[in-house]
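The block underneath contains the structure these notes are about, expressed in structure tokens.
Remember, predicted model here, so these are calculated numbers, not experimental data. For the numbers below, each heavy atom of this structure counts, side chains included, while hydrogens, waters and symmetry mates do not. Sequential numbering from 1 along the given sequence is applied to the chain's residues.
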Amino acid sequence: MLIRNVRLVAVTEPAAPGLVDVRLDGGRVVEVGPGLADLGGWTYDGRGRWLAPGLWDQHVHLGQWTLASARLDLAPARSSTEAVALVRERLEQWPDLPVIGWGHRPTAWPDNPAVSDLDAVDTDQPIVLIAGDGHHGWLNTTALHMLALPTRDSVVSEGEWFMAYGRLATVLGTDGTGPEAYRRSMEAAAAQGVVGLVDLEFSGGVADWVERWSEGADLIRVRHACYADGLDDVLSRGLRSGDSLDGDPRLTMGPLKIISDGSLNTRSAWCCEPYAEKAVPGAEEGQPNQTPEELRALLARAAAGGLDVAVHAIGDRAVAEALAAFEETGAHGGIEHVQLTTRDDVRRMAELGVRASVQPAHLLDDRDVAERLWRGRAERCFPLRWMFDDGVDVVLGSDAPVSPLDPWLAIAAAIHRSADEREPWHPEQAITAREALAASTDGWGTVAPGHPADLVLLDADPLDGDSDQDHAERLRAFADQVVVTWVAGEPAYEREV
């Protein structure tokens, strides 16, 4: 395949001026230059548009993102009363269906979610309301019984919730997560220029992905992560990070995912100092999900088996403990989120070669909550500038469905740190558009020979912008500029002209 007449986006290295041609062969870029000879095969005329490496989302819960459009949106709720009212409205429309909701953030509510509030709704259907950060479920008693959970009046959180989460499909059916539904999610991602993602779904394993892939959910690249409960299966198969799961190099084994602490909104992220408000009694600084010994044991097993590790660590104490575990075990991989940390630990990440996988769009939702719960620490939240200045390997993602699977939104948040009329939140931690784009391409810079033929053709240069605010506003709608997305040289999306 020969792509003619394109301009290269200067992601990392200066790009050749003017129009060039790009030759693809065997799923790779093999030649770049002006006026390349036509050797036969297919030719595509780029008509002066901009060519860049395809984008990656390094943190997705793909099953949950696939389900999100069919779920009750609880993001507008500002109290338990409002959330219950939304549940009642849904049941009035579909009284014979379970209610699965997503998106409530009760930290700022005047009241705490209670099972009894949902039990007061007149229905025999299970009600499962999943918090916007994914770290707790608010269920009625019917749902608690169906998921074999003890009766209570509080939410189900952290480790207990993650275990129950994997049982949802057995109680509620596939709920729209068959191969066709996954394929639609992939199509939507490809339409934004996404060529690959790291799937950190809570449930499912290697066999599930192999079956799903064989049945048509095979449009873009996927790295499948396992959790501790699936580690034995992965190791027994002899799979190492980067190995193909079914012979197709586009579907590969990813990291072992470990959730080492909780989240900001549930006040369970593990911090060095107590929460300023609404701290959980007995866990005023949040809490870990494993002992230090358990965390090190998991990293050591992964390292011995050739698996990278992705350690969820949101609080600064959790980040420090994760880095200690990486140093002591020699494991490879990164820390997910790195939402609150110190300058010294950022330098330590660089020294240890530990990657930072950050979801910048979270700061748009969490800035107000962080100012309340982490009072006096906000200058250390999402410290992207520190990371780049200190040489940390940074990759960006969404954590969809916590934030939308939209790489342009993540890039915009990283460079402007605001999505409304307010001034940027700690703009000293912002990064440049070039840095944010480079952190979204899985390490591939300006298109060159040897690169994978995972490319996106754009109507405009995403690095062309004026002020950070105007540039970010333009980038938030940049999916409209995507013309073609190629994965391994094959079109995964092509805009109708």
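- Shortest non-hydrogen contact noted between Ser79 and Pro110 is CB-CD, 4.1 Å.
- The closest side-chain donor-acceptor pair between Ser185 and Thr66 falls under 3.5 angstrom.
- Put simply, the side chain of Glu285 never gets that close to the backbone of Ala283: no donor and acceptor are under 3.5 Å apart.
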Could you give me the CA-CA distance, side-chain angles and deciding distance for Asp399 and His59, then say whether side chain to side chain donor-acceptor pair (under 3.5 Å) is met?
CA-CA 5 Å; Asp399 200 10; His59 189 129; 2.9 Å; yes
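- The line from CD of Gln429 to CE of Met387 is 8.0 Å long, rounded to the nearest 0.5 Å.
- Distance alone, capped at 3.5 Å, places no donor-acceptor pair between the Thr341 side chain and the Val338 backbone.
- Of the possible polar contacts, none joining the Thr485 side chain to the Val456 backbone as a donor-acceptor pair under 3.5 Å is found.
- More than 12 non-hydrogen atoms from other residues, nucleotides or ligands lie less than 6.0 angstrom from CD of Glu277.
- For the residue pair Ser357 / Glu336, a side-chain donor-acceptor distance below 3.5 Å is found, with atom types taken as modelled.
- With no hydrogens or angles considered, no side-chain donor-acceptor pair links Ser116 and Asp119 at under 3.5 Å.
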Stepwise, does the side-chain contact (heavy atoms from CB on, under 4.5 Å) test hold for Glu158 with Ser268?
CA-CA 8 Å; Glu158 301 304 335; Ser268 53; 2.6 Å; yes
Could you go step by step and tell me if Gln339 and His362 meet the side chain to side chain donor-acceptor pair (under 3.5 Å) rule?
CA-CA 9 Å; Gln339 191 163 338; His362 286 352; over 6 Å; no
Hey, mind stepping through His312 and His135 against ring pair (Phe, Tyr, Trp, His ring centres under 6.0 Å) and telling me if it holds?
CA-CA 12 Å; His312 163 120; His135 278 252; 5.0 Å; yes
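- At least one donor-acceptor pair closer than 3.5 Å links the side chain of Asp199 to the backbone N or O of Leu62.
- Within 6.0 Å of atom CG in Asp111, more than 12 heavy atoms from other residues, nucleotides or ligands are found, so the atom counts as buried in its surroundings.
- Using a 3.5 Å distance cut-off with no hydrogens or angles, the side chains of Gln64 and Arg71 do pair a donor with an acceptor.
- The existence of a salt bridge linking Arg417 and Asp468 is excluded, since no basic side-chain nitrogen approaches an acidic carboxylate oxygen closer than 4.0 Å.
- Across all their heavy atoms, Ala269 and Gly315 have their closest contact at CB-N, 3.8 Å.
- Atoms CG and NE2, on Asp73 and His104 in that order, are 12.0 Å from each other to the nearest 0.5 Å.
- Cation-pi contact between Arg223 and Trp56: present, with separation from the ring centre below 6.0 Å and deviation from the ring axis of at most 45°.
- Across all their heavy atoms, Gly134 and Phe162 have their closest contact at O-CE2, 3.5 Å.
- A salt bridge is absent between Asp345 and Arg317; no separation between the charged side-chain nitrogens and carboxylate oxygens falls under 4.0 Å.
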Before giving the answer on side-chain contact (heavy atoms from CB on, under 4.5 Å), spell out for Val234 and Met253 the whole-Å C-alpha distance, their side-chain angles and the decisive distance to 0.1 Å.
CA-CA 9 Å; Val234 170; Met253 189 65 221; 4.0 Å; yes
Arg301 and Asp232: salt bridge (Lys or Arg N to Asp or Glu O under 4.0 Å), yes or no, with the steps?
CA-CA 10 Å; Arg301 286 192 70 201; Asp232 286 342; 2.7 Å; yes
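- When all heavy atoms are compared, the tightest approach of Gly262 to Asn289 is N-ND2, 4.2 Å.
- Between the side chain of His224 and the main chain of Val198, no donor-acceptor pair closer than 3.5 Å is present.
- For CD of Glu215, the number of neighbouring non-hydrogen atoms (other residues, nucleotides, ligands) closer than 6.0 Å is greater than 12.
- Ion pairing of Arg367 with Glu371 is absent here, as no side-chain N (NZ or NE/NH1/NH2) approaches a carboxylate O to less than 4.0 Å.
- Among Asn265, Asp261, Thr266, the single residue meeting the side-chain hydrogen bond (donor to acceptor under 3.5 Å, both in side chains) criterion with Ser263 is Thr266.
- A donor-acceptor pair is defined here as one N or O able to donate and one able to accept, closer than 3.5 Å; no such pair exists between the side chain of Lys257 and the backbone of Val309.
- Of all non-hydrogen atoms in Ala492 and Val487, the two that sit nearest each other are CB-CG2, 3.9 Å.
- Taking the charged nitrogens against the carboxylate oxygens, Glu273 and Arg375 have no contact shorter than 4.0 Å, which rules out a salt bridge.
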Leu55/Gln192 under side-chain contact (heavy atoms from CB on, under 4.5 Å): CA gap, chis, key distance, verdict
CA-CA 8 Å; Leu55 304 181; Gln192 300 188 74; over 6 Å; no
Let me see the working for Arg355 and Val395 under side-chain contact (heavy atoms from CB on, under 4.5 Å), right down to the final yes or no.
CA-CA 8 Å; Arg355 184 174 55 249; Val395 296; 3.8 Å; yes
Are Asp442 and Gln58 close enough, and set up right, to give a side chain to side chain donor-acceptor pair (under 3.5 Å), and what steps lead you there?
CA-CA 8 Å; Asp442 202 42; Gln58 300 282 346; 3.0 Å; yes
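- Remark: the backbone N or O of Arg422 is paired with a side-chain donor or acceptor of Ser418 at under 3.5 angstrom.
- Here CH2 of Trp425 is found 9.5 Å from CD of Glu379. Values are rounded to the nearest 0.5 Å.
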Show, in sequence, the C-alpha distance, side-chain angles and deciding distance for Arg212 and Asp208, and conclude whether the salt bridge (Lys or Arg N to Asp or Glu O under 4.0 Å) test is met.
CA-CA 6 Å; Arg212 189 179 297 128; Asp208 300 279; 5.2 Å; no
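- No more than 12 heavy atoms of other residues, nucleotides or ligands sit less than 6.0 Å from atom NE2 of His332.
- For the pair Arg495 (side chain) and Asp480 (backbone), a donor-acceptor distance under 3.5 Å is present.
- Sorted by first and then second residue, the salt bridge (charged side-chain N to carboxylate O under 4.0 Å, His left out) pairs with a member in residues 131-156 read Arg152-Glu160; sequence neighbours excluded.
- Atom CD of Glu82 is surrounded by more than 12 heavy atoms from other residues, nucleotides or ligands within 6.0 Å.
- For the atom pair CD of Glu473 and CG of Asp470, the computed distance is 6.5 Å after rounding to the nearest 0.5 Å.
- Ring geometry for Trp209 against Tyr182 counts as perpendicular: the plane angle is over 60°, on a 0 to 90° scale with 30° as the lower cut.
- Rounding to the nearest 0.5 Å gives a distance of 5.5 Å between CG of Leu256 and CG of Leu231.
- The main-chain N or O of Ile259 is found under 3.5 Å from a side-chain atom of Gln290 such that the two form a donor-acceptor pair.
- Side-chain contact, Asp316 with Thr342: no donor N or O sits under 3.5 Å from an acceptor N or O.
- Annotation: the span from Leu340 atom CG to Cys381 atom SG amounts to 5.0 Å, rounded to 0.5 Å.
- Inter-residue side-chain proximity for Arg343 and Arg347 is flagged as met; some heavy-atom pair is nearer than 4.5 Å.
- The side-chain tip of Arg267 does not point at the ring of Tyr275 from less than 6.0 angstrom away and within 45° of straight on.
- The closest donor-acceptor contact from the side chain of Arg183 to the backbone of Pro179 lies at 3.5 Å or more, if one exists at all.
- The two residues Trp102 and Ile130 make their nearest non-hydrogen contact at CZ3-CG2, 3.1 Å.
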